[in-house]
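The first residue in the sequence is number 1, and the count goes up from there.
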Amino acid sequence: LLSAGDMVRDYVVTVEGPEARGEITGRVLDAKGNTPLSPFTVKVLDFEQLAPGSGRQKGEVILSAPPSGEFLVRSVSPGRVSLRVDVEGYAPAIQQVEVRSGEPTDVAVLMTRGGTIEGLVTLNGKAVASAHVRVYAEEGTPPLQQIMTDEDGYFHTNNLGAGTCLVVVHFELEAQSSSGQSTKLVTVKADSISRADFAIGGTATLSGVLSFPPSHQYGIVAVRETQWRDTPLPINDWPAFETQVIAQVFLGGAGEYKIEALPPGDFAATGVCYNLPDGGTGEKVDIRESSYEIHVEPGESVTLNLELR
């Protein structure tokens, strides 16, 4: 990384390769005053667009931060690239750039002052440590931030853009491989802290047997709101999965399952079986599923056997 005193012409990342064809020049500016911001970092998120033959791995490249607010990325293959810019005190900005062959592509990244979200996660009155907290701009999109609660159940995000965010809390339950989620829409205001407590309560239990053909390797039993009963469980889309599902259990084969700490109400319980090709990598395939409506009372133990053919 460059220091604040380095010249802008030195703020260059070059990716060597026979297919390199374009470059990105950019400026990082305050959205209100259009003044240059520094220091900052830039990450190239769509790394597959960088020139092949570079010897680099697909992933993120962190660039440095000169005082002028300008940057340059060289040797980028034509196509669409996403840039993420971070400046302390501002909300992260993600901007898509269309790289053209043989010429520079200029972008201006406008940064807005951010706010934060903090809160407490409890399950039946007890603090939940090490719960995963993810913040989304909207359902079905990659998370803006991923953090965990501390030993006292508290969490605090970094800067977020002003507006409405979807916050999802994911926590482990005592039953083996069983976990639950809770979601909440939170309004974030610039230069302020928004409070979002998750007081999760539920004493009901859902258990039974998930049966499926020996040709399939894995199973899931998931509990969702009844509105999702006729919608396939999005097991290949994790952001959508965790925003729909209240609780779930993953199985390494057909057999017994148990889901704890369900709140009272009407739900859709979905059983799914699937395979993982290529030694466990790639999308889940050969998916079979079935859904049933269940009614849960406080403290009740509900038995539901699911058979997939």
**Request:** Show your working on side-chain contact (heavy atoms from CB on, under 4.5 Å) between L206 and V223 and close with a plain yes or no.
**Result:** CA-CA 9 Å; L206 176 66; V223 177; 3.8 Å; yes
**Message:** Using the rule given for side-chain contact (heavy atoms from CB on, under 4.5 Å), can you reason through R84 versus D86, listing the C-alpha separation, both sets of side-chain angles and the distance that settles it, and then say yes or no?
**Reply:** CA-CA 7 Å; R84 172 172 172 149; D86 290 275; 3.0 Å; yes
**Asked** Going through the distances and angles, do V85 and M111 end up as a side-chain contact (heavy atoms from CB on, under 4.5 Å)?
**Response** CA-CA 8 Å; V85 179; M111 309 295 295; 3.9 Å; yes
**Request:** Check the pair L306 / V221 against side-chain contact (heavy atoms from CB on, under 4.5 Å), numbers first and verdict last.
**Result:** CA-CA 9 Å; L306 299 161; V221 179; 4.0 Å; yes
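Contact record, G161 with A91: N-CB, 3.1 Å, taken as the closest heavy-atom pair. Nearest heavy atoms, P264 versus P298: CB-CD, 3.8 Å. Nearest heavy-atom pair across T243 and T183 is O-CG2, 4.0 Å. Closest of all the heavy-atom pairs between Y257 and L304 is OH-O, 2.6 Å. The minimum heavy-atom distance linking C273 with F212 is given by the pair CB-CG, 3.5 Å. The shortest heavy-atom contact between V135 and C165 is CG1-CB, 3.7 Å.
Between the CG atom of L210 and the OH atom of Y218 there is a distance of 14.5 Å, given to the nearest 0.5 Å. The structure places CD1 of I117 at 9.0 Å from OG1 of T187, a figure rounded to the nearest 0.5 Å. Between the OG1 atom of T231 and the CD atom of E289 there is a distance of 9.5 Å, given to the nearest 0.5 Å. We find the OG-NZ distance between S194 and K189 to be 7.5 Å, quoted to the nearest 0.5 Å. Remark: Q181 CD to I200 CD1 distance equals 9.5 Å, nearest 0.5 Å. With rounding to the nearest 0.5 angstrom, the OG atom of S291 is 12.5 Å from the CH2 atom of W228.
The backbone N or O of E283 sits nowhere less than 3.5 Å from a side-chain atom of N236 that would complete a donor-acceptor pair. When atom types are taken as modelled, the side chain of N275 and the backbone of S215 share a donor-acceptor pair closer than 3.5 angstrom. Judged by distance alone, with hydrogens and angles left aside, the side-chain atoms of H216 form a donor-acceptor pair with the main-chain N or O of D286 at under 3.5 Å. Checking side-chain atoms of N305 against main-chain N and O of G208 turns up no donor-acceptor pair under 3.5 Å. Proximity of a side-chain donor or acceptor of T203 to a complementary backbone N or O of G299 within less than 3.5 Å is detected. The backbone N or O of V186 lies less than 3.5 Å from no partner atom in the side chain of T164, so there is not a single donor-acceptor pair. The main-chain N or O of P104 is never found under 3.5 Å from a side-chain atom of E23 such that the two would form a donor-acceptor pair. A donor-acceptor contact shorter than 3.5 Å is absent between the side chain of D30 and the backbone of T35.
Within 6.0 Å of CD in E98 there are more than 12 heavy atoms belonging to other residues, nucleotides or ligands. Around the CD atom of E88, the shell of radius 6.0 Å holds no more than 12 heavy atoms that belong to other residues, nucleotides or ligands.
Screening residues 191-206 for salt bridge (charged side-chain N to carboxylate O under 4.0 Å, His left out), with sequence neighbours left out, gives E118-R195, R195-D197. Applying the salt bridge (charged side-chain N to carboxylate O under 4.0 Å, His left out) test to residues at least two apart or on different chains, the pairs with a partner in residues 224-236 are R229-E293.
Residues V249 and I294 fall within the same hydrophobic cluster, defined by Ile, Leu, Val, Met, Phe, Trp and Tyr side chains chained together at heavy-atom separations under 4.5 Å. Cluster annotation: V107 and V81 are assigned to the same hydrophobic cluster (Ile/Leu/Val/Met/Phe/Trp/Tyr, side-chain heavy-atom contacts under 4.5 Å, transitive).
By the 4.5 Å heavy-atom criterion applied to side chains, V87 and V28 are counted as neighbours. The closest side-chain heavy-atom distance from I246 to F267 is below 4.5 Å. When side chains are defined from C-beta on, V245 does not count as touching T270, because their heavy atoms never get closer than 4.5 Å. Between S82 and Q95, every side-chain heavy-atom pair lies at or beyond the 4.5 Å cut-off. When side chains are defined from C-beta on, V121 counts as touching F155, because their heavy atoms get closer than 4.5 Å. You'll find the side chain of Q217 reaches within 4.5 Å of the side chain of L276, heavy atoms only. Side-chain contact between E297 and V302 is absent, with no heavy atoms from C-beta onward closer than 4.5 Å. Using a 4.5 Å heavy-atom threshold, the side chains of L37 and Y90 count as touching.
With respect to D106 and R27, a salt bridge is recorded, a charged nitrogen being found less than 4.0 Å from a carboxylate O. Taking the charged nitrogens against the carboxylate oxygens, E307 and R309 do have a contact shorter than 4.0 Å, which makes a salt bridge. Using a 4.0 Å cut-off between charged nitrogen and carboxylate oxygen, K258 and E260 count as a salt-bridge pair.
Partner of I287 under the side chain to side chain contact (heavy atoms under 4.5 Å, CB included) criterion, out of V272, L233, I220, L308: V272 alone.
By the 6.0 Å and 45° rule, K184 stacks over the aromatic ring of F198.
Classification of the F241-W238 ring pair by plane angle, with boundaries at 30° and 60°, yields parallel.
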Enumerate, atom names and distances included, each donor-acceptor pair closer than 3.5 Å involving a side-chain atom of residues 142-153, sequence neighbours excluded.
residue	atom	partner	partner atom	Å
Q145	OE1	N158	N	2.8
Q145	NE2	N158	O	3.2
Q145	NE2	N159	O	3.0
Q146	OE1	R134	NE	3.2
T149	OG1	V128	O	2.8
T149	OG1	S130	N	3.0
T149	OG1	A131	N	2.8
D150	OD1	D152	N	2.9
D150	OD1	G153	N	3.0
D150	OD1	Y154	N	2.9

